[in-house]
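Contents: one structure, followed by commentary.
Every number for a ligand or one of its atoms is a count from 1 in the order of the listing. Keep in mind that the numbers below use all heavy atoms, side chains included, and drop hydrogens, waters and symmetry copies.
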Amino acid sequence: MRLDEFAQTKLRGLENRGLARTPATTTRHGVQVTRQGRPLISFCCNDYLGLAHDPRVLAAAKEAAEQGAGAGAARLVTGGHPGIEEFENRIATFLGREASVSFGSGFLTNLGVIPSLVGPGDRICIDALAHASLWAGAKLSGAEVLAYGHNDLQALRDHLKQPLRGQSLILTEGVFSMDGDLAPLPALIQLASEFEAWLLVDDAHGLGVLNQGKGAADLDIPLLVGTCSKALGSYGGFVTTSKNVAKLLHARARSFVYTTALPPMVVAASLAALAVVAAEPERTLRPLARALQFTRLLGLPLAQSAIVPWIVGSPERALAAQR
Ligand SMILES: *Cc1c(COP(=O)(O)O)cnc(C)c1O
């Protein structure tokens, strides 16, 4: 089949199932956006604290632009620029961890971390609704992948009870990125400890929003993944963990070793945003307060996070609502 023919066939299939999607050109000025000349208010953005356009964040990025538009190469080749090491130290300190490793994005973090820690002979137990990047990292690892029903602790326990010679790793989101509900983290920590499993929590939507901006950080989670692309308004991903695990990831995670480090200006923006979050914890209370107000006014189930699902039914109805 010709490549273009293949694409057309696939696209027709997507259209028939109401799943065809194309990105619309949109200029953002914070919550106000412009699309095809129309001014609109955006309810769908992860820039929860408005930091993507904060003057302090932009000033830091502009100043760091003097250091070059790009990092030049991967950090094991050229060395890391000072900002990236400062970011790793600051985010680890802010979240009360020994160390952290910075990646190109949250997606790349999960692609790198999971296969560095488990492989064939090991087992991954993953929440069925976990983010695509957790699934991708799990599949890439070569470990056996067992899904458990969303937040279903009994199903997880049943998986963990199966005998295994290798290591078990549990993967979950802290705040689920589609449904906005929370994982039962204390119970998951308890189960992990009972079965000597490791636990990775992707808290992309908790950081900067819940618990005065610290998300799940107060809990005993050995692998806490986050992203700078949401509440921090910038770009890049990270995992906070122990010194030794960070050292191992710096040496072995393939999406760290074989890819160029984040540009200095992007990291400077993340650092400035993190400073705002640390200095103004009251700012972090706003997204959940607004989400609660929104759900009350619309008679929806009360928001648990800044994400409010509004289930309209079929994919077609969802896309119509988006239009
Ligand atoms: C958005 C998101 C990611 C991806 O983060 P990026 O930095 O945008 O690549 C990973 N995990 C979860 C749970 C997310 O919501």
>> If we ignore hydrogens and angles and just use 3.5 Å, is the side chain of Thr26 paired with the main-chain N or O of Arg35 as donor and acceptor?
In response: no

> Purely on distance, is any nitrogen or oxygen of Gly236 under 3.5 Å from one on ligand 1?
Replying inline: no

> Does Tyr235 reach ligand 1 with a nitrogen or oxygen that is under 3.5 Å from one of the ligand's nitrogen or oxygen atoms?
Replying inline: no

>> I need the nearest protein heavy-atom contact for atom 2 (C) of ligand 1: residue, atom name and distance, please.
In response: Lys230 NZ, 2.3 Å

> Aromatic rings His150 and Phe176: how do their planes relate, parallel, tilted or perpendicular, breaks at 30° and 60°?
Replying inline: perpendicular

>> Checking the side chain of Ser116 only, and the main-chain atoms of Gly112 only, is there a donor and an acceptor separated by less than 3.5 Å?
In response: yes

> Atoms of ligand 1 less than 4.0 Å from Ser177 heavy atoms?
Replying inline: 15 (O)

> Looking at Ser229, which atoms of ligand 1 are within less than 4.0 Å of one of its heavy atoms?
Replying inline: 6 (P), 7 (O), 8 (O)

>> Does ligand 1 come near enough to His205 that some N or O of the ligand is less than 3.5 Å from an N or O of the residue?
In response: yes

> His250 vs Phe256 aromatic rings, parallel, tilted or perpendicular, using cut-offs 30° and 60°?
Replying inline: tilted

> Does a side-chain N-to-carboxylate-O contact under 4.0 Å join Asp4 and Arg2?
Replying inline: no

> Numbering the atoms of ligand 1 from 1, which are under 4.0 Å from a heavy atom of Glu173?
Replying inline: 13 (C)

> For ligand 1, which atoms sit closer than 4.0 Å to a heavy atom of Ser133?
Replying inline: 10 (C), 11 (N)

> Quick check: does Gly106 get an N/O under 3.5 Å from an N/O on ligand 1?
Replying inline: yes

> More than 12 heavy atoms of other residues, nucleotides or ligands under 6.0 Å from CD of Glu66: is that the case?
Replying inline: no

> Does Glu194 CD have over 12 foreign heavy atoms under 6.0 Å away?
Replying inline: yes

> Has the side chain of Glu98 got a donor or acceptor atom that lies under 3.5 Å from a matching backbone atom of Lys243?
Replying inline: yes

>> Give the atom numbers and elements of ligand 1 that come within less than 4.0 Å of a heavy atom of Asp202.
In response: 10 (C), 11 (N), 12 (C), 13 (C)

>> Considering non-hydrogen atoms of the protein only, which is the closest contact for atom 9 (O) of ligand 1, and what is the distance?
In response: Phe107 N, 3.0 Å

